[in-house]
Asker: 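Handing you this structure, nothing more for now.
Indexing begins at 1, ligand by ligand and atom by atom, following the structure's order.
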Amino acid sequence: MSILVTGGAGYIGSHTVVELLNIGEEIIIIDNFSNSKPSTLESIKEIAKKEIRFYEGDYTNKETLEKIFEENKDITAVINFAGYKSVGESVQKPLEYYTNNISGALILLKTMQKYNIKKFIFSSSATVYGEPERIPLTEECKTGGTTNPYGTTKLYIEQILKDLYKSDNSWDIAILRYFNPVGAHESGKIGEEPQGIPNNLMPYIVRVAGGQLEQLSIFGNDYNTKDGTGVRDYIHVVDLAKGHLKALEKLNKEKSGLYIYNLGTGTGYSVLEMVKAFEKATGQKVPYKIAPRREGDIATCYSNPEKAQRELNWKAEKTLEEMCKDSWNYWKF
Ligand code: WQD
């Protein structure tokens, strides 16, 4: 038996592949390195001390996917991490985002259908909730009102999966809504490495701490939050990766169904709290200035992760200190 992981050389994908290898799963990765690098594959093998099967290619290419399914008759499940994921970039390039993320998912699902492989885990996002109906967010909260094409692609793919399951309930689908992934594997060999100037908070903080960037701009301190800065549910990427293993376990046990889970810690931290926690955990200074609010930002977003705890027996375990230390440990190398 093997698992096909699209985007398996990426940030969340690589950490999930390591955890899957650690429990003895056979892994096939397809990645086009549009937002990852080939050396990550070597790092994965070094950490897990296991081999992986790899195809360099684009998951939107039907022929490439069919070749993989033809050459790997032992595939039993697919985890789809591949997709563009920059909120800001998606506003500038909506057609690229809709084409890559939605067409990619459609071609992947149609190929799975052709080969009668119906276990599917989808990398979704808390952005599907748009402006939160209530905090903390549960899976029953309304979705929609997404404020950027990236979030809208996640919303549309969730709808495609719901319609697919309704048409054929032999599918076995888990939709995992990530909150804010941060941190890196304790080895420091894999981690988050966005190209160019980071949009996300933690990659920006580590570059300021490392001297690559001058100071952090805190986007607004006049929100209705504990200290006026934005509050988010930061979750260690290894906890997130382990959530995928539990989702796979659920799919293997249930044989069919459509399941939706928030993967978060249930705790919200403000930007100022993140800066202070990072400085305390690493001993590095993070100079900052207060800047205007960022277009599309919401004040507060954090999860109620009880459903995943109840149904998957999964709970985020790593502390904020570990998130900060592991982020810095990866970057300072
Ligand atoms: C967090 C907080 C900012 C940068 C996005 C996507 C989500 C997921 C994670 C992919 C906010 C503040 C940030 C900076 C700042 N992406 N901030 N200065 O916007 O919550 O979520 O990334 O899966 O889908 O929507 O994350 O890290 O960009 O921002 O003050 O330089 O940090 O205003 O309050 P966000 P973020």
Asker: Record the part of Arg294 in heavy-atom contact with ligand 1 below 4.0 Å; permitted values are side chain, backbone, both and neither.
Answerer: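 Under 4.0 Å from ligand 1, Arg294 contributes side-chain atoms alone.
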Asker: Could you find the nearest protein heavy atom to atom 24 (O) of ligand 1 and give me its residue, atom name and distance?
Answerer: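 The answer is Ser125 OG, 2.9 Å.
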Asker: Sort and list the pairs that fulfil ring pair (Phe, Tyr, Trp, His ring centres under 6.0 Å) and have at least one residue in residues 58-106, not counting sequence neighbours.
Answerer: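 Pairs touching residues 58-106 that pass the test: Phe69-Tyr115, Phe81-His244, Tyr84-Tyr97.
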Asker: Among all protein non-hydrogen atoms, which one is nearest to atom 35 (P) of ligand 1, and what is the separation to 0.1 Å?
Answerer: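 Here the closest protein heavy atom is Asn180 ND2, 3.5 Å.
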Asker: Non-hydrogen atoms of Tyr150 versus ligand 1: any pair closer than 4.0 Å?
Answerer: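 Distance cut 4.0 Å: Tyr150 passes for ligand 1.
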Asker: Write out the residue and atom name of the closest protein heavy atom to atom 2 (C) of ligand 1, then the distance separating them to 0.1 Å.
Answerer: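 The protein heavy atom lying closest is Tyr234 OH, 3.5 Å.
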Asker: List the closest protein heavy-atom neighbour of atom 22 (O) of ligand 1: residue, atom name, distance to the nearest 0.1 Å.
Answerer: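 Looking at atom 22 (O) of ligand 1, the protein heavy atom closest to it is Asn200 ND2, 2.9 Å.
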Asker: With sequence neighbours left out, write down each residue that passes salt bridge (charged side-chain N to carboxylate O under 4.0 Å, His left out) with Lys50, or none if nothing qualifies.
Answerer: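 Salt bridge (charged side-chain N to carboxylate O under 4.0 Å, His left out) list for Lys50, sorted by chain: empty.
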Asker: Looking only at distances, please establish whether an N/O atom of ligand 1 is found under 3.5 Å from an N/O atom of Gly230.
Answerer: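 By distance alone, the answer is no.
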Asker: Under 4.0 Å between a Lys/Arg side-chain N and an Asp/Glu carboxylate O for Lys242 and Glu317?
Answerer: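 No, this pair does not count.
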Asker: Identify whether the distance between the nearest side-chain nitrogen and carboxylate oxygen of Glu26 and Arg53 falls below 4.0 Å.
Answerer: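 Salt bridge present between Glu26 and Arg53.
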Asker: Looking at Glu42 and Lys45, does any basic side-chain N land under 4.0 Å from a carboxylate oxygen?
Answerer: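 A salt bridge is present here (some side-chain N lies under 4.0 Å from a carboxylate O).
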Asker: Hey, which atoms in ligand 1 end up nearer than 4.0 Å to a heavy atom of Asp297?
Answerer: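 Ligand 1 atoms under the 4.0 Å threshold to Asp297: 3 (C), 33 (O).
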Asker: Which class fits the ring pair His15 and His185: parallel under 30°, tilted 30 to 60°, perpendicular over 60°?
Answerer: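 Correct class here is tilted.
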Asker: For the residue pair Asn262 and Ser303, confirm or rule out a side-chain donor-acceptor distance under 3.5 Å.
Answerer: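 Asn262 vs Ser303: no donor-acceptor pair found between side chains.
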Asker: Hey, can you tell me if Phe122 and Phe120 have their rings parallel, tilted or perpendicular (30° and 60° cut-offs)?
Answerer: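 Correct class here is parallel.
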Asker: By number and element, which atoms of ligand 1 are closer than 4.0 Å to a non-hydrogen atom of Thr127?
Answerer: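 Near Thr127, meaning under 4.0 Å from one of its heavy atoms, ligand 1 has 24 (O), 25 (O).
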Asker: Using a 4.0 Å cut-off to any heavy atom of Val87, which atoms of ligand 1 qualify?
Answerer: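 It comes down to these atoms of ligand 1: 6 (C), 25 (O).
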Asker: How far is atom 8 (C) of ligand 1 from the closest protein heavy atom, and which atom is that?
Answerer: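 The closest one turns out to be Phe179 O, 4.3 Å.
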Asker: Considering only protein heavy atoms, which is closest to atom 27 (O) of ligand 1, and at what distance to one decimal place?
Answerer: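 Sorting protein heavy atoms by distance from atom 27 (O) of ligand 1 puts Leu201 N, 2.8 Å first.
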Asker: Glu322 and Thr319: side-chain donor and acceptor closer than 3.5 Å?
Answerer: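 The criterion, which ignores hydrogens and geometry beyond distance, is satisfied for Thr319 and Glu322.
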Asker: Is ligand 1 under 4.0 Å from a heavy atom in the side chain of Leu216, in the backbone, in both, or in neither?
Answerer: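 Side chain only; the backbone of Leu216 stays clear of ligand 1.
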Asker: Which protein heavy atom lies closest to atom 4 (C) of ligand 1, and at what distance to 0.1 Å?
Answerer: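 The answer is Asn199 O, 3.3 Å.
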Asker: With respect to Lys85, determine whether any N or O atom, backbone or side chain, lies less than 3.5 Å from an N or O atom of ligand 1.
Answerer: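 No: no nitrogen or oxygen of Lys85 is under 3.5 Å from one in ligand 1.
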Asker: Is Lys73 paired with Glu70 through a side-chain N to carboxylate O contact shorter than 4.0 Å?
Answerer: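 Lys73 and Glu70: salt-bridged.
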Asker: Residue-level breakdown please: for Ser217 versus ligand 1, do any non-hydrogen atoms fall below 4.0 Å on the side chain, on the backbone, on both, or on neither?
Answerer: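 Looking at Ser217 and ligand 1, just backbone atoms fall under 4.0 Å.
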Asker: Could you check atom 17 (N) of ligand 1 against the protein and tell me its nearest heavy-atom contact, residue, atom and distance included?
Answerer: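 Heavy-atom neighbour on the protein nearest atom 17 (N) of ligand 1: Phe219 CD1, 3.7 Å.
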Asker: If you measure only the distance, is there a donor-acceptor pair under 3.5 Å linking the side chains of Asn80 and Thr6?
Answerer: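 Looking only at side-chain atoms, Thr6 and Asn80 do form a donor-acceptor pair, the distance falling under 3.5 Å.
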Asker: With heavy-atom distances below 4.0 Å as the criterion, list the atoms of ligand 1 near Ile218.
Answerer: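 Listed by number with element: 30 (O).
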Asker: Does Lys250 qualify as a cation-pi partner of Tyr259, given the criterion of NZ or CZ under 6.0 Å from the six-membered ring centre and within 45 degrees of its axis?
Answerer: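 The answer is yes; both the distance and angle limits are met.
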Asker: Would Val271 count as a polar contact of ligand 1, with the cut-off being nitrogen or oxygen pairs under 3.5 Å?
Answerer: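 Min N/O separation from ligand 1 is not below 3.5 Å for Val271.
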